[in-house]
J.: 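Pasting a structure here, questions to come.
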Amino acid sequence: MSLSEAQADVAPPEVPGRRNAQLGRFAVLTLGPVVAAVFTSALILLAFGVNPVTYYGFVVQRGLFSGLGLEQTLTRMAPLLFLAAGLIVSFRAGIWNLGVDGQFLLGAVAAAALAPALLGVVPGWLMLLAGFAVAGLVGAVWSVLPALLRAYQGVNEIITTLMMTFLGISLANVLVKLVFLDPGTTVPQTRTIPVADRLPRLFDSTISSGLIWAVAAVLLVHLVMTRTALGLKLRTVGANPHAAAHAGLSVPRLTVLVFAASAGFAGLAGASELLGVNGNVRADWNPAYGLMVIPLVFLARFHGVGSIVFIFFYSALLIGSESAARRVGVPQDFTLVLVATLLIFLGLAEWLDKRRRKERA
Amino acid sequence: MDALLTAAFVSSLLTGAIVAGIPLLLAGLGEQMSEKAGVLNIGIEGMMLFGAYLGFLTAWSTESIWMGFLGGVGGGMLVAALMALLCVRLGLNQIVIGIGLTLGAEGLTSLLHHFQFSRTYPRLPSPDRLDLPILTDLPVIGPSLFGRHPLVYLALALVIVLAWAYRHSNLGLTLRAAGEKPAALDVAGGHVTLLRTVAVLFTGAMAGLGGAYMANVGAGLFIPFMTGGAGFIGIVLAMLARGRPVWVLLGALIFGAALSLTTALQVAGSNVPTDVIQMLPFAAVMLVLVVWSRKARLPAALGQPYERGAR
């Protein structure tokens with residue numbers, strides 16, 4: 001998928017009569033891969049002797065239609081959405097930040113280190129704000145090296161961000177086990193923030209209010225990238241860095257900015273999980289959300305609202321499959337298969353669409 | 001610090017460097033060929049893992065470790081064939097498909113293992129070794145360096161063969177053309193698609209073999225997610241080696257040593273936390289990139305699908 005194509009979808013031309021064609025394209029490019037992925041994965045389940053109808057039924061029932069399940073689904077969305085916000089920035093600017101997992105974990109550890117220390121010293125809202133701020137900052141700092149290497153030396157960022165993510169995961173463990181560990185517990189983990197001091201919950205539910213900030217972040221990113229001059233500059237850099245340089249844009253500086261923003265959001269994702277849900281970071285904790293959010297952002301073609309919708313369904317899948325692992329006996333890693341087939345069918349749909357348009361032209 | 005220099009430490013470090021380094025070497029050599037031909041193969045982690053799974057399963061059911069290696073090669077090539085079809089033939093985005101194949105292999109092998117073995121992890125008998133006469137009897141370094149599984153020597157021979165082929169045969173030049181300027185190769189009568197397909201399949205074979213070595217010789221069992229980023233290290237090795245197989249070997253041994261330093265240090269009675277040690281190879285790569293980044297050069301058409309007649 002090329003970036004320019006994805007951007008062409010942002011503002012479809014308002015020509016009457018083309019609406020049907022647009023809808024048809026949407027069906028082929030978005031619903032097609034989803035249906036194909038769900039169906040192929042069902043065949044894989046069948047091959048393992050699991051009734052796919054039972055499995056999917058259980059997942060949907062647990063993740064979407066049970067009260068508690070839906071609340072868990074909505075809570076789980078918060079970190080995924082923050083990650084999506086970061087990925088939208090970098091992908092639209094043509095930068096492959098594949099190191100969000102390391103940035104996420106270090107952000108979470110930074111917040112886990114700072115927030116309990118501030119507990120009782122400053123007002124609760126300030127503690128939460130400081131936690132988010134430090135997490136975003138640490139996430140951004142973790143991307144400085146790949147950013148500078150890419151901006152000034154042209155080193156491929158896929159490699160450097162992957163290296164930094166492995167490094168970050170280990171560093172997060174070192175910090176939890178050696179530096180920020182709670183002396184009061186035997187298992188290595190950071191000091192726990194009491195439930196009452198975490199992000200407030202919404203209404204009478206268990207949904208963390210991190211969700212609201214996360215949705216706001218995605219929408220903000222979407223508007224900045226599609227409706228502002230800065231967004232246009234960044235997209236130009238992504239579409240054609242040479243042209244951008246000719247147009248007088250400072251490509252290296254914009255590149256560093258993109259990395260910082262993208263990684264900063266990944267750090268915020270860590271903070272939202274820590275300050276909203278977990279309250280502490282345990283040693284060897286790594287939910288590895290990053291690689292899973294990438295396909296969803298692609299599926300939405302870097303569109304903010306689309307990403308929110310897909311992340312909602314994916315989040316329900318995660319919650320549902322967690323219970324299904326215990327009740328239906330299918331390991332949760334099945335979701336990996338589902339996401340993988342989704343990516344492949346996404347590519348195929350893109351290819352079909354390109355070929356069809358070429359034939360018409 | 002004296003304890004660090006004991007014979008037991010040196011010997012376990014050398015052993016570790018080889019046992020952990022060989023899969024990295026194979027993956028790196030495979031990735032190198034892909035990259036030369038212009039395909040950035042992010043799916044290599046999945047190829048390794050599938051090779052590890054199928055390699056283990058074959059070895060376990062046929063009770064032959066060599067059949068296991070063959071199974072590993074097959075497993076890796078299976079994933080690679082998918083990659084070749086989607087990315088070389090159809091020209092889909094190599095990064096998206098690469099991530100997809102890696103995730104798919106992770107999920108599928110985990111499911112397969114679950115439904116076959118549930119929570120048990122059957123072990124293979126320890127593999128036979130090829131003891132090189134005299135050399136194996138050398139003190140300290142002998143058993144570590146010269147008493148290894150035959151595949152180790154084959155992998156080393158492959159480094160020499162590839163180095164020669166890249167430098168002195170037509171293959172090296174055509175591969176480079178496919179990676180630098182595929183259109184020129186096409187005009188000259190070469191087959192870009194065919195060449196890239198073969199390169200990707202070779203990557204799959206090598207990655208699968210590396211995975212099978214990991215499972216059958218290194219661990220003696222299969223655990224889901226056992227490759228743990230080794231494929232990604234292979235990508236880095238290939239990028240840093242700038243097209244030279246010998247450099248891949250060097251890098252693989254250094255990474256292998258760093259990855260196994262934890263065990264060696266435990267043998268020596270030191271208790272540095274494993275997480276600190278695990279950071280070393282990745283920190284080393286970043287350092288190398290910072291210092292030598294100007295020289296890191298990748299093929300011009302890397303990651304771009306080739307379509308005849310397209311601009």
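Remember, it's a predicted structure, so these values are computed and weren't measured experimentally. Chain A is the first sequence line, chain B the second, and so forth, proteins listed ahead of strands; every chain is numbered from 1.
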J.: Show, in sequence, the C-alpha distance, side-chain angles and deciding distance for B:L103 and A:M292, and conclude whether the side chain to side chain contact (heavy atoms under 4.5 Å, CB included) test is met.
T.: CA-CA 9 Å; B:L103 291 179; A:M292 308 297 258; 4.2 Å; yes
J.: Would you say that A:I158 contacts B:L40 through its side chain, given a criterion of any heavy-atom pair below 4.5 Å between the two side chains?
T.: yes
J.: Counting only heavy atoms from other residues, nucleotides and ligands, does the tally under 6.0 Å from CZ of B:F117 exceed 12?
T.: yes
J.: Counting only heavy atoms closer than 4.5 Å, note whether A:L178 contacts chain B via side chain, backbone, both or neither.
T.: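 Only the side chain of A:L178 comes within 4.5 Å of chain B.
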J.: Most heavy-atom pairs under 4.5 angstrom with chain B, which of A:P331, A:G347, A:G168?
T.: A:P331
J.: If I compare all heavy atoms of A:S170 with all of B:M279, which pair ends up nearest, and what's the gap?
T.: CB-CG, 3.2 Å
J.: Between B:F225 and A:L336, what is the shortest heavy-atom contact and its length?
T.: CZ-CD1, 3.7 Å
J.: What residue, out of A:L148, A:I44, A:I159, has the most heavy-atom pairs lying under 4.5 Å from chain B?
T.: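 Of the options given, most contacts go to A:I159.
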J.: Students often mix this up, so state it plainly: with edges at 30° and 60°, are the rings of B:F232 and A:F166 parallel, tilted or perpendicular?
T.: tilted
J.: Quick one: which of B:S110, B:G104, B:P224, B:G107 has the most heavy-atom pairs under 4.5 Å with chain A, could you say?
T.: B:G107
J.: Can you tell me which portion of A:L338 sits under 4.5 Å from chain B's heavy atoms? Options are side chain, backbone, both or neither.
T.: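 For A:L338, no heavy atom lies under 4.5 Å from chain B.
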J.: Report the option among A:I344, A:V50, A:I294, A:T341 that has the most heavy-atom pairs separated by less than 4.5 Å from atoms of chain B.
T.: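 Heavy-atom pair counts peak at A:I344.
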J.: Checking A:L162 against chain B: side chain, backbone, both or neither under 4.5 Å from a heavy atom?
T.: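 Side chain only.
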J.: CG/A:N156 to CE/B:M239 distance, rounded to the nearest 0.5 angstrom?
T.: 4.5 Å
J.: Side chain, backbone, both or neither: which part of A:L98 has an atom under 4.5 Å from a heavy atom of chain B?
T.: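 Answer is side chain: those atoms of A:L98 sit under 4.5 Å from chain B.
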J.: Heavy-atom count check: over 12 atoms from other residues, nucleotides or ligands less than 6.0 Å from A:K177 NZ?
T.: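 Atom NZ in A:K177 is packed in, count exceeds 12.
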J.: Considering only heavy atoms, which portion of B:L280 lies under 4.5 Å from any heavy atom of chain A: side chain, backbone, both, or neither?
T.: neither
J.: Hey, mind stepping through B:V290 and A:L149 against side chain to side chain contact (heavy atoms under 4.5 Å, CB included) and telling me if it holds?
T.: CA-CA 7 Å; B:V290 169; A:L149 283 171; 4.3 Å; yes
J.: Where does B:L86 contact chain A at under 4.5 Å (heavy atoms): side chain, backbone, both or neither?
T.: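 Contact with chain A involves the side chain of B:L86 alone.
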J.: Which atom pair, heavy atoms only, marks the closest approach of A:A340 to B:G100?
T.: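 Nearest heavy atoms, A:A340 then B:G100: CB-O, 3.1 Å.
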J.: Looking at chain A, which one of B:L82, B:V236, B:L90, B:I235 has the largest number of heavy-atom pairs inside 4.5 Å, strictly under?
T.: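 Maximum pair count with chain A is reached by B:L90.
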J.: Should we count CH2 of B:W60 as having more than 12 external heavy atoms under 6.0 Å?
T.: no
J.: What's the separation between atom NZ in A:K354 and atom CG in B:L92, rounded to the nearest 0.5 Å?
T.: 8.5 Å
J.: Roughly how far, to the nearest 0.5 Å, is the CD1 atom of B:I99 from the CH2 atom of A:W96?
T.: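 So the gap between those two atoms works out to 6.5 Å.
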J.: Identify which part of A:V339 has an atom lying under 4.5 Å from any heavy atom of chain B, answering side chain, backbone, both or neither.
T.: side chain
J.: Measure distances from B:L111 to the heavy atoms of chain A and classify the residue's part below 4.5 Å as side chain, backbone, both or neither.
T.: both
J.: Could you check whether any side-chain heavy atom of A:L343 comes within less than 4.5 Å of a side-chain heavy atom of B:L101, counting everything from C-beta outward?
T.: no
